[in-house]
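Written out below as structure tokens is the structure these notes cover.
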Amino acid sequence: RATWQRLAPFFRLTGKVTWGADTVSVEPRSFNDRGLNRDLEDLCARVNGSRSRLRDGGRLLFSWADPSRVAAPSGDRCVA
């Protein structure tokens, strides 16, 4: 139900991709928009909750630190 206009910012989002022995971790940078950050947090939770696997069998993990909670001692991250 998402339109291209709604998805376009996610495709332009910068971040970091780290390849491990059996995982690929994607850490997108946050937006300057609270609504998009909520959507990004939801995306992370959905991807991690689905236990997605890549073609080679590796696990796909998304993580993201909410900039409004960065100082939290628990280090809030969206990693399953």
**Message:** Other residues, nucleotides and ligands only: do more than 12 of their heavy atoms fall within 6.0 Å of CG on Asn32?
**Reply:** no
**Asked** Taking atom CZ of Arg34 as the centre, does the number of heavy atoms from other residues, nucleotides or ligands within less than 6.0 Å exceed 12?
**Response** no
**Asked** Can you tell me how far the CD atom of Gln5 sits from the CG atom of Leu7, to the nearest 0.5 Å?
**Response** 10.5 Å
**Asked** Roughly how far apart are Glu27 CD and Thr14 OG1, rounded to 0.5 Å?
**Response** 12.0 Å
**Asked** Are any side-chain N or O atoms of Asp22 and backbone N or O atoms of Arg59, one a donor and one an acceptor, separated by less than 3.5 Å?
**Response** no
**Request:** Identify the two heavy atoms, one from Leu61 and one from Asn48, that lie closest to each other, and give their separation to 0.1 Å.
**Result:** CA-OD1, 3.4 Å
**Asked** For Pro28 and Ser63, which heavy atoms make the closest approach, and how far apart are they?
**Response** CD-O, 3.2 Å
**Prompt:** So if you build clusters from Ile, Leu, Val, Met, Phe, Trp, Tyr with side-chain heavy-atom gaps below 4.5 Å, do Phe62 and Trp19 land together?
**Reply:** yes
**Asked** When clusters are formed by joining ILVMFWY residues with side-chain heavy atoms under 4.5 Å apart, either directly or through shared neighbours, do Phe11 and Leu43 land in the same one?
**Response** no
**Item:** Plane angle bin for Phe31 and Phe10 - parallel if under 30°, tilted between 30 and 60°, otherwise perpendicular
**Value:** perpendicular
**Prompt:** Would you call Leu40 and Leu13 a side-chain contact if the rule is heavy atoms closer than 4.5 Å?
**Reply:** yes
